[in-house]
Amino acid sequence: SFQAFPNSLPYATAKAGLLGWTRAIAHEYARDGITANALAPGFVETDLTAAVFRDATRAQTLAHSTMLQRNSVPHDLVGATIFLASPASSYMTGQTMIVDGGFTALGEAKPTS
């Protein structure tokens, strides 16, 4: 997580750990020509997040917290995943690619109207 949220200490700690792990493992394997990067998705509608999406007000608030004014679906991550798995990313390592509809760049949640 690139932003703090109420009651999110374990979640934020785990996400920060993954960012550090990505950089560390990239450093560890670079000498073997192996790259390591991470994908940081926004709020994606999946089975794991189904309870949130059943609450229309909460789902709308999350959508309005992005520049694109919508929540993500798994297909939104396909392009970034293909890029990271392809030779096009061969000079990229230790990085975290954010695919969140502009949520992180926006910096704060916008209230629903």
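Heavy-atom minimum distance, Gly94 versus Arg23: O-CG, 3.3 Å. Between Gln95 and Thr22, the shortest heavy-atom distance links the atoms O-CG2, 3.7 Å. Scanning all heavy atoms of the two residues, the minimum distance from Thr93 to Thr35 falls at OG1-CA, 3.4 Å. Considering every non-hydrogen atom in both Ala36 and Ile25, the closest pair reads CB-CG2, 3.5 Å.
Between the side chain of Ser89 and the main chain of Phe83, a donor-acceptor pair closer than 3.5 Å is present. A donor-acceptor distance shorter than 3.5 angstrom exists from the side chain of Asp76 to the backbone of Val73, with no hydrogens or angles considered. Distance alone, capped at 3.5 Å, is enough to place a donor-acceptor pair between the Thr66 side chain and the Arg70 backbone. Checking side-chain atoms of Thr49 against main-chain N and O of Val44 turns up a donor-acceptor pair under 3.5 Å.
Other residues, nucleotides and ligands place more than 12 heavy atoms under 6.0 Å from the CZ atom of Phe53. Dense packing is recorded around CG of Asp32, with more than 12 heavy atoms of other residues, nucleotides or ligands lying under 6.0 Å away.
Leu39 and Met92 fall within the same hydrophobic cluster, where Ile, Leu, Val, Met, Phe, Trp and Tyr residues are linked whenever their side-chain heavy atoms come under 4.5 Å apart, directly or through other members. Leu77 and Leu84 fall within a single hydrophobic cluster, where Ile, Leu, Val, Met, Phe, Trp and Tyr are joined by side-chain heavy atoms under 4.5 Å apart, directly or via other members.
Here the side chains of Glu28 and Ile34 are not in contact, with every heavy-atom distance at 4.5 Å or above. Counting heavy atoms from C-beta outward, Asn71 and Glu45 have side chains that stay 4.5 Å or more apart. Counting only heavy atoms from C-beta outward, the side chains of Ser65 and Leu106 never approach each other to under 4.5 Å.
Every residue two or more places apart in sequence or in another chain that forms a side chain to side chain contact (heavy atoms under 4.5 Å, CB included) with Ile98 is listed here: Phe2, Ala40, Asp100, Thr104.
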